[in-house]
Amino acid sequence: MGLLTIIKKQKIKDKEIRVLTLGLDNAGKTTIIKQILGEDTKKVSPTMGFQINTIQYKEYNLNMWDIGGQTTIRNFWSNYFDRSNIIIWVIDSLSLERLDESYQELREKIILQDQLVGTYLVVLINKVDMLDPQQHQSVKDQVIKVLNLDRELNQDRYIIQLVSGYTGEGLSPVLDWMIERDI
Ligand SMILES: Nc1nc2c(ncn2[C@@H]2O[C@H](COP(=O)(O)OP(=O)(O)O)[C@@H](O)[C@H]2O)c(=O)[nH]1
Ligand SMILES: [Mg+2]
């Protein structure tokens with residue numbers, strides 16, 4: 001194998017990004033992944049255990065790990081932290097009464113974990129297709145206020161975005177943000 005081939009192979013390998021998709025049960029994690037994969041989002045059943053999907057996006061391979069969010073499974077999330085580059089945290093904008101629970105889990109199980117220093121965080125506020133567009137900003141403001149990520153993370157380490165797993169709205173800026181990180 002010539003040197004150039006080796007370098008090329010190395011480059012391709014470098015373009016792998018490992019993404020863990022987490023959040024409370026029913027937030028829409030599996031639906032979002034299906035939407036990005038171009039699969040039917042209406043055929044989603046609760047995730048037991050985990051599933052890995054590779055998404056090709058502009059020269060990059062995004063290895064998306066979809067992990068169940070039921071209470072009993074949450075303690076096993078840390079088994080998947082090793083070598084993860086990005087954590088996607090999905091919040092259900094139609095269940096804001098669970099926002100405090102979501103925040104507690106995000107903080108305790110993700111942000112405060114030493115293993116995840118250096119990992120980027122993507123917060124997706126999902127199901128905005130069901131919201132009146134006029135509510136979008138206030139829902140986002142509410143999430144920003146409750147999560148208060150500025151306390152623990154540098155601004156270039158995270159992004160908060162309104163999305164819909166059903167329509168795909170808001171997802172491509174997130175994919176671009178992910179591949180533009182220094183990973
Ligand atoms: N209206 C709406 N419903 C959604 C959206 N994403 C997911 N859902 C619904 O929310 C429920 C949970 O979705 P699922 O992907 O299984 O959530 P998970 O448990 O986080 O993987 C399902 O009934 C989905 O059809 C969305 O963007 N908009
Ligand atoms: Mg699921």
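Order of appearance sets the numbers: ligands from 1, and atoms from 1 within every ligand.
- Annotation: the span from Asp82 atom CG to Ser84 atom OG amounts to 7.5 Å, rounded to 0.5 Å.
- Considering backbone and side-chain atoms together, Thr41 places no N or O closer than 3.5 Å to any N or O of ligand 1.
- Not a single heavy atom of Gly23 sits under 4.0 Å from any atom of ligand 1.
- For Glu180, the CD atom sits in a packed shell: over 12 heavy atoms of surrounding residues, nucleotides or ligands are nearer than 6.0 Å.
- Proximity of Met130 to ligand 1, defined as any heavy-atom pair under 4.0 Å, is confined to the side chain (atoms from C-beta onward).
- Proximity of Ile110 to Phe81: side-chain heavy atoms (C-beta onward) are separated by under 4.5 Å at one or more points.
- The single protein non-hydrogen atom nearest to atom 8 (N) of ligand 1 is Lys127 CE, 3.6 Å, given as residue, atom name and distance.
- Residue Glu97 places its CD atom among more than 12 non-hydrogen atoms of other residues, nucleotides or ligands, all under 6.0 Å distant.
- Counting heavy atoms from C-beta on, the side chains of Asp150 and Gln155 come closer than 4.5 Å.
- Below 4.0 Å from some heavy atom of Ser164 lie the following atoms of ligand 1, by number and element: 27 (O).
- The protein atom (non-hydrogen) at minimum distance from atom 16 (O) of ligand 1 is Val44 CG1, 3.2 Å.
- Summary of contacts: the protein heavy atom closest to atom 15 (O) of ligand 1 is Thr31 OG1, 2.6 Å.
- With Asp92 contributing its side chain and Leu94 its backbone, the two residues share a donor-acceptor pair below 3.5 Å.
- At a threshold of 4.5 Å between non-hydrogen side-chain atoms, the residues Gln142 and Leu99 count as touching.
- Not a single N or O atom of Asp66, backbone or side chain, sits closer than 3.5 Å to an N or O atom of ligand 1.
- When only non-hydrogen protein atoms are considered, atom 12 (C) of ligand 1 lies nearest to Asn26 OD1, 3.0 Å.
- Of the polar atoms of Leu94, none of the N or O atoms is found under 3.5 Å from an N or O of ligand 1, judged by distance alone.
- The nearest protein atom to atom 25 (O) of ligand 1, hydrogens excluded, is given as Tyr166 OH, 2.5 Å; this is a heavy-atom distance.
- When hydrogens are left out, the protein atom nearest atom 27 (O) of ligand 1 is Gly165 N, 2.8 Å; that is the closest non-hydrogen contact.
- Annotation: side chain of Tyr80 is in contact with side chain of Phe50 (closest heavy-atom distance under 4.5 Å).
- Both tests do not hold together for Lys15 against Tyr57: distance to the six-membered ring centre under 6.0 Å, angle to the ring axis within 45°.
- Near Thr30, meaning under 4.0 Å from any of its heavy atoms, are these atoms of ligand 1: 15 (O), 21 (O).
- From the protein, the heavy atom lying nearest to atom 28 (N) of ligand 1 is Asp129 OD1, 2.7 Å.
- Given atom 17 (O) of ligand 1, the protein heavy atom at minimum distance is Gly28 N, 3.0 Å.
- Contact annotation: for Asn126 versus ligand 1, heavy atoms closer than 4.0 Å belong to the side chain alone.
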